Amino acid sequence: MSDCIFCGIIAGDIPSTKVSETETTYAFMDINPANDGHLLVIPKQHSTDLLDIGADDLTAVTLEAQRIALAVVDDLGADGVNLLNCCKAPAWQTVFHFHLHVIPRYADRTKDRLSLPWQPGVAGDQDVMSGYAEKLSAALHC
C-alpha cells in the first residue's frame, strides 16, 4: 500500500534498523521503544491487522518473533519477553499493517519502563464471564 509506513520500510523507501529478514517477514527496531531492544516483526505482504492477515503470514511472523525472542533472552540478557499485537485503534493500533511487538523485559526495574495496564489477581464477575463464554462458544460452534 502506497500510504503504509511499514510497506515503505519493506520497499526500502523509509529507513529502518533491520534485525532480520526472511522470504515473508521483516523485523526492525521500534523507533519509539517501550524498553531497550524493543522491535517489530511484520509480514512483507500488507495486512491491516490480526483480523485481516492470512494464516501463512501469521504463522511466519509468529515463528520469527519466537526466534527473535530467544535471541533477546540469550543475547540481550532479557529476563523475559512480551509479544504484543494491537488490533484496531481502540486497542492501541497506530500503524495499520499487522505487526508483533517483541519487547524485552528485565527484572531490574531501572532497565524496564513497562507496567501492566490492568490489575492481575482481581477476579472478574463469573456471571459476566459465563455470558461471554456462551456467546463466543456459540459463534465458534463449539
Side-chain angles (χ1 to χ4, degrees), residues 1-126 128-130 132-142:
M1 299 191 78
S2 61
D3 60 341
C4 174
I5 293 171
F6 290 173
C7 288
I9 288 172
I10 293 164
D13 299 331
I14 298 172
S16 69
T17 306
K18 182 170 80 169
V19 173
S20 72
E21 184 172 7
T22 70
E23 185 178 318
T24 58
T25 68
Y26 189 85
F28 56 100
M29 301 307 295
D30 193 310
I31 62 169
N32 298 302
N35 281 340
D36 293 344
H38 177 173
L39 62 117
L40 305 174
V41 183
I42 63 174
K44 287 183 175 178
Q45 179 176 323
H46 183 86
S47 298
T48 303
D49 56 33
L50 179 62
L51 305 179
D52 182 47
I53 190 170
D56 289 343
D57 278 344
L58 179 60
T59 299
V61 168
T62 303
L63 290 174
E64 185 63 4
Q66 180 188 41
R67 187 174 82 90
I68 292 168
L70 290 166
V72 163
V73 170
D74 292 344
D75 300 311
L76 295 186
D79 300 302
V81 178
N82 282 120
L83 291 184
L84 174 67
N85 171 255
C86 303
C87 179
K88 308 275 185 215
W92 309 329
Q93 185 176 6
T94 58
V95 176
F96 295 91
H97 181 123
F98 178 83
H99 55 286
L100 278 181
H101 294 261
V102 180
I103 307 170
R105 301 305 309 271
Y106 303 96
D108 178 352
R109 297 306 295 165
T110 64
K111 295 171 61 175
D112 196 304
R113 300 183 293 278
L114 290 180
S115 60
L116 282 172
W118 73 90
Q119 289 182 304
V122 176
D125 181 304
Q126 187 59 51
V128 171
M129 290 187 293
S130 294
Y132 281 116
E134 287 175 25
K135 287 179 184 178
L136 289 170
S137 291
L140 298 169
H141 310 290
C142 297

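For the numbers below, each heavy atom of this structure counts, side chains included, while hydrogens, waters and symmetry mates do not. The structure presented is a predicted model; accordingly, all values stated were derived computationally and were not measured.
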Participant: Could you give the distance from CG (Asn82) to CG (Asp112), rounded to the nearest 0.5 Å?
Facilitator: 8.5 Å
Participant: Mark yes when over 12 heavy atoms from residues, nucleotides or ligands other than Gln45 sit less than 6.0 Å from its CD; otherwise mark no.
Facilitator: no
Participant: Where is the tightest heavy-atom contact between Pro43 and Ile10, given as atom of each residue plus distance?
Facilitator: O-CD1, 3.5 Å
Participant: Less than 4.5 Å apart, side chain to side chain, heavy atoms only: is that true for Thr24 and Lys44?
Facilitator: no
Participant: Any side-chain heavy atom of Ile5 sitting closer than 4.5 Å to one from His97?
Facilitator: no
Participant: Using a strict 4.0 Å threshold on nitrogen-to-oxygen distance, state whether Lys88 and Asp49 make a salt bridge.
Facilitator: yes
Participant: If you take all heavy atoms of Ile53 and Ser47, which pair is closest and at what distance?
Facilitator: CA-OG, 3.5 Å
Participant: Would the number of heavy atoms belonging to other residues, nucleotides or ligands and lying under 6.0 Å from CG of Leu136 be above 12?
Facilitator: yes
Participant: Do Val102 and Leu83 have side chains that approach each other closer than 4.5 Å (heavy atoms only, starting at C-beta)?
Facilitator: yes
Participant: As an exercise, state the distance from CZ of Phe98 to OG1 of Thr48, rounded to the nearest 0.5 Å.
Facilitator: 11.5 Å
Participant: Does any non-hydrogen side-chain atom of Val19 lie less than 4.5 Å from one of Met29?
Facilitator: yes
Participant: Between Thr22 and Glu64, does any side-chain donor sit less than 3.5 Å from a side-chain acceptor?
Facilitator: no
Participant: More than 12 foreign heavy atoms under 6.0 Å from CG of Asp52: is that the case here?
Facilitator: yes
Participant: Leu51 and Cys87: which non-hydrogen atoms are nearest, and at how many Å?
Facilitator: CG-SG, 3.7 Å
Participant: Roughly how far, to the nearest 0.5 Å, is CG of Leu39 from OG of Ser16?
Facilitator: 11.5 Å
Participant: What heavy-atom pair brings Pro104 and Ala78 nearest, and what distance separates the two atoms?
Facilitator: CB-CB, 3.8 Å
Participant: Using 0.5 Å steps for rounding, measure from the SG atom of Cys86 to the CZ atom of Phe96.
Facilitator: 10.0 Å
Participant: Find the distance between NE2 (His38) and CG (Asp30) and round it off to the nearest 0.5 Å.
Facilitator: 4.0 Å
Participant: Please examine the side chains of Leu114 and Arg105, heavy atoms only from C-beta on, and report whether any two atoms are closer than 4.5 Å.
Facilitator: yes
